[in-house]
Structures are given as C-alpha cells and as structure tokens.
Amino acid sequence: MTFSVTQIGSWPRSERLLAALREKRMDRIAQAEFDQIADAEIVRCLQLQHEAGVDMVVDGELRRDNFYSFITDKVEGTKLMSLAEMLDTVEDKAAFEAMLQTLDAPAFAIRNPTCVGKLRRKEPLVVNDLRFVKRHSDKPVKVTLPGPYLLTRAMWVTAHSFAAYGDKPVMADDVVTILREELADLVSEGVECVQFDEPVLTEVVHSGDSKRRTFMCATLAVRRDTSSELAYAAELMNRVVAGFEDKLRTGIHVCRGNWSRREDVLITGDYQPLVECFKGMRLKHYALEYATPRAGELDVIGRALGDREIGLGCVNPRTDEAESVESIQERAQEALQYWKPEQISLNPDCGFGCFANRCVNEEAAAVGKLRAMAEAARRLRG
Ligand SMILES: [Zn+2]
C-alpha cells in the first residue's frame, strides 16, 4: 500500500484505565478484571483508528505501564523498579541524579524492568495482544516490542544482575533468545509488522557528557565508545531477526525522547551518526521522527536508506493542534525524492501515550492528528 497511515504505538490512557493499571500494580484487582477494562479500551482505540482512516492498527499499548516495563509481567528474573529505588544501586550516582533532574516527573513515577535473576519468557510478550487485536480489526496489525539493545541497557544493573549473569553480554544472549521466541510465535500468528523500539540510540550519539544524559539511557551501565555501542546495538538486532527477514516486516523506531512536552529537554541532533548502524541492521522499516526540527533534514536518511521503507514522522505527538493536511503532504512529497510511494508510511513522531501515568497527549488531539495524516494520504494517492 502507498502512504500507509499508522501509529508508533502508545495511545493516551483514560482515567478508568489509569486507575486499573494502578490497582493491578498493587495487586488489588484480579488479572481478569483488569483485562476486562483494558479489552474495552483497546476496542475503543481500534474503533477510533478505523474511523480516522488508519491503514495499519496498533493496540495502543494500553495494557502496558510503559513501552518496555511491561515485560516484567512476562519474563522471569525481572523486577519493576522505580528510578527512585534504583538510585541506591546504579554505578554512576552523580550522573543518574543529574538525569533525574531533567525529568519533569517524580522519579518514583517511572519504572524500569531490572534483571534480578535468570531471564526466561514465562508467557508471550505480545502474542496474546496480537490475537486480541486480530479479533477486533480486519486491518493489518503492527506490534511493538522493546529492542534488544534497549532491554540490555535498561535491565542490567550490576548490583542486581551480576549474581545471575556475571556480565552484561551474557544476559544479552538471553534477551536475544526471548525476542526470537516471540518473533517465531508472532510469525505463526500472522503478524504483519513488528516494530522494535530503540529510542536509546539517539541518547548514545547525542547526549554528550553525563550532565546531559537523559533517563532514556536507562541504568547508565555503559561507557564504551559510541561506535562500539552502535555496532553492538546492530549486532543484537541482527541476531534477533536472523532467519525472520523474509517471514515478516521487521522495523525499528528511533526518536529523541517523548517524556516531556518541553522541547528543550528532549534530545536534539539528526540521524547522521546512526546511518551506518541503521544500514547494518537487516530490517525493512524505519519509523523515524521528522515532524520535529530537532531531527534535522530528511536527506540524511533519504540518501542512505533508499532501499528500505521509511515510516515518516509527520505529526508531533506532543502538541494539541493537528498539523495541516498540506504540511503533511509537503513532507511526503519531500520523501518522494528518495523513496517510492509504496516505501513510504505516514506516522506520528512517537506514541501519544508514552508513560501511563503521564501521557503526552489527549485522545481528541491524537484522533485529529490521525485524521490529518489519513486525509493527506488520500490526497497523495489521488
Ligand atoms: Zn519514540
């Protein structure tokens, strides 16, 4: 399909769902009761996408606390720890404290899946979510998974993880295994697209010294040089997707953070330092930010990745006003210099939800932006 309209992943949570997520975290409601509430919200989210004219649907990540922490429910050997709890055990306390100050949310409100034992997939990560969406939508479905590099960076906290693994790369082997098990199941369920979220890659190349690190660097358990980190990220990704390349559309989403509406605290810098890493990844689809000027010019990626598909970020998920249809069309016209229409999808720069308890946008604004993209796609096809 040409100019396929889709989302990145997360959708704003309603008050009811937020309350249910809170209750679930505190073990105060049964899973079945939570599912009933989440199911209804996801059906509604799908309806809104259908009405807005979205071509490939997502479930809005509405069962998740955030885009990666949910795996603690599914993977043995993990524990959800708030950033405040982690402060005692991270290696670089000063940097971690500086990072916490860049947040405009309290440190107890953001939770990280920390490795505290041998990792093993005790239930599917997203396969059941995919099945649910397929029962309620006849559109192609995209599922989102945290990428292997993000998971490895986030989960390894030496004080908690050392006893089980001794070293981070050994833990990473199990992260790769878990994601491969998931991909195998997703293929047999007939998933159309799997997107790995690796927002931490912009932190690797653009955050500079530790004072400017953001919470996206997760546990800060890294300080190799940039090129080794990027090569490692590409290697992990390729190990995950090896053998699946022809079985499904695999993609990656990389943005500059989506935890605040304040543009000045989000990361700035183009994709140039990531071009080699992207090219080295055996992926089809690259869902990237281009609505924000912080992401630089499109030709950086256009010249390098013309043989792949671009998920063109063309609306800002963090503003109230929908972008004009004309401005989205213009952005897509620019992309046509580098890609054929069937290689171009339209999406927001990132999710509309991000962290459950502080979504970056409201439902009405998100719907407006989906509609604008769908209308732009209609005109572009015409
Ligand atoms: Zn993002």
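Counting convention: from 1, in listed order, for ligands and their atoms alike. Note that this is a predicted model, so its numbers are computed, not measured. Note that these values count all heavy atoms, side chains included, but never hydrogens, waters or copies made by symmetry.
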Taking the Zn ion (ligand 1) as the centre, how many protein N/O/S atoms fall inside a distance shorter than 2.8 Å? 3

Salt bridge (Lys or Arg N to Asp or Glu O under 4.0 Å) against Asp73, all qualifying residues, sequence neighbours excluded: Lys24

NZ/NE/NH1/NH2 to OD/OE distance under 4.0 Å, Asp349 and Lys369: no

Heavy atoms of Ile267 and Glu203 approach each other most closely as CD1-CA, 3.8 Å

Does NZ or CZ of Arg256 come closer than 6.0 Å to the centre of the six-membered ring of Tyr271, within 45° of the ring's axis? yes

Atom CG in Leu183, atom CG in Leu248: separation rounded to 0.5 Å? 6.0 Å

Is the NZ or CZ atom of Arg28 positioned over Phe34's six-membered ring, under 6.0 angstrom from the centre and within 45° of the axis? no

